[in-house]
Amino acid sequence: MNASAFDVTEVESDLLKGLTALESEYEEVAPAADDGGNYIFVRLGTFDLDRLGPDYDQDETVIYHRFDRRALDGDHYGFVTVKRLTIDGRYPDNTRENRDLGDDLRDVLETDETLFWSRRFTDEVDVTGSEDIKRVISHVRRCLEYPWE
């Protein structure tokens, strides 16, 4: 993984293998930000919202997932959409605009138009091997398809 946004030597090796596999399969995947502590943000890419079930007020969004750099099966909690996604003017369940957990990403992107989704990847996916990290894409899609928990 090309790590211009964070130091790869501080990312647990199996997690780094998983992120590298994700990057090799999806061309938009890239390091994005480091929170200076235990978490890194990885750009997953641009998602076409018109192809999903709910009728979002926006057409597309760029998504960044927050990964716990300490362990493959760590607390990979939350993702950020750049554009505050709404459906009929309402934010999806368990989301918050400009949540503090996304401060470092907002600083790097120089935007205040973010929505933090409080969703835990490891609640839905049993991460036991590096290849399991690639399932983050389907996890995010599922969250976007079913925004009302």
Contacts under 3.5 angstrom, residues 36-43 side chains, donor-acceptor by atom type, not counting sequence neighbours:
residue: R43; atom: NH2; partner: E28; partner atom: OE1; Å: 2.7

Which value, rounded to the nearest 0.5 Å, describes the distance between L22 atom CG and I137 atom CD1? 5.0 Å

Heavy atoms from other residues, nucleotides or ligands near CD of E25 exceed 12 (cutoff 6.0 Å): yes

Taking only residues two or more places apart in sequence or in another chain, which ones pass side chain to side chain contact (heavy atoms under 4.5 Å, CB included) with D107? none

Would you call D68-R70 a salt bridge at under 4.0 Å N-O? yes

Has R119 got a side-chain atom pairing as donor or acceptor with N94's backbone, closer than 3.5 angstrom? yes

Around atom CG of D123, are there more than 12 heavy atoms of other residues, nucleotides or ligands at under 6.0 Å? yes

Hey, what do you get for CZ (R135) to CZ (F121), rounding to the nearest 0.5 Å? 7.0 Å

Closest approach of A33 and V108, non-hydrogen atoms and distance? CB-CG2, 3.9 Å

hydrophobic_cluster_shared for F47 and L109, side chain cutoff 4.5 Å: no

Nearest non-hydrogen partners of P54 and L144, listed with the distance: CG-O, 3.4 Å

For D104 and D34, what are the C-alpha separation, side-chain angles and deciding distance, and is it a side chain to side chain contact (heavy atoms under 4.5 Å, CB included)? CA-CA 7 Å; D104 297 292; D34 184 332; over 6 Å; no

From the options D50, T81, T86, select the one residue that forms a side chain to side chain donor-acceptor pair (under 3.5 Å) with Q58. T86

Between R69 and L15, which heavy-atom pair has the shortest distance, and what is it? CA-CD2, 3.8 Å

From T61 atom OG1 to D48 atom CG, the distance as rounded to the nearest 0.5 Å: 11.0 Å

For the side chain to side chain contact (heavy atoms under 4.5 Å, CB included) test, which of L16, V127, T122, T128 pairs with L72? V127

Would you call E145 and R142 a salt bridge, using N to O less than 4.0 angstrom? no

If we ignore hydrogens and angles and just use 3.5 Å, is the side chain of R106 paired with the main-chain N or O of D112 as donor and acceptor? no

Single-linkage hydrophobic cluster V136~F6, side-chain heavy atoms < 4.5 angstrom: yes

Connected via hydrophobic side-chain network under 4.5 Å: I63 and L49: yes

State the CG-OG1 distance between D59 and T46, to the nearest 0.5 angstrom. 12.5 Å

Side-chain donor-acceptor contact under 3.5 Å, D7 with T9: yes

I'd like to know if V62 and V140 are part of one continuous hydrophobic network [Ile/Leu/Val/Met/Phe/Trp/Tyr, side-chain heavy atoms within less than 4.5 Å]. no

Could you go through the side chain to side chain contact (heavy atoms under 4.5 Å, CB included) check for N98 and R84 one step at a time? CA-CA 9 Å; N98 298 336; R84 293 184 187 146; 2.7 Å; yes

P92 versus L85, closest heavy-atom pair with distance: CD-O, 3.4 Å

Linking I/L/V/M/F/W/Y whenever their side-chain heavy atoms sit closer than 4.5 Å, directly or via other members, would L101 and F67 fall into one cluster? no

So, taking the atom named CZ in F79 and the one named CG in L44, what distance separates them when rounded to the nearest 0.5 Å? 9.0 Å

With a 4.5 Å limit on heavy-atom distance, are the side chains of K83 and E113 in contact? no

For a side chain to side chain contact (heavy atoms under 4.5 Å, CB included) check, start with the C-alpha distance between W148 and R90, then their side-chain angles and the critical distance, and finish with the verdict. CA-CA 11 Å; W148 314 115; R90 294 182 20 220; 3.5 Å; yes

Which value, rounded to the nearest 0.5 Å, describes the distance between R141 atom CZ and L52 atom CG? 6.5 Å

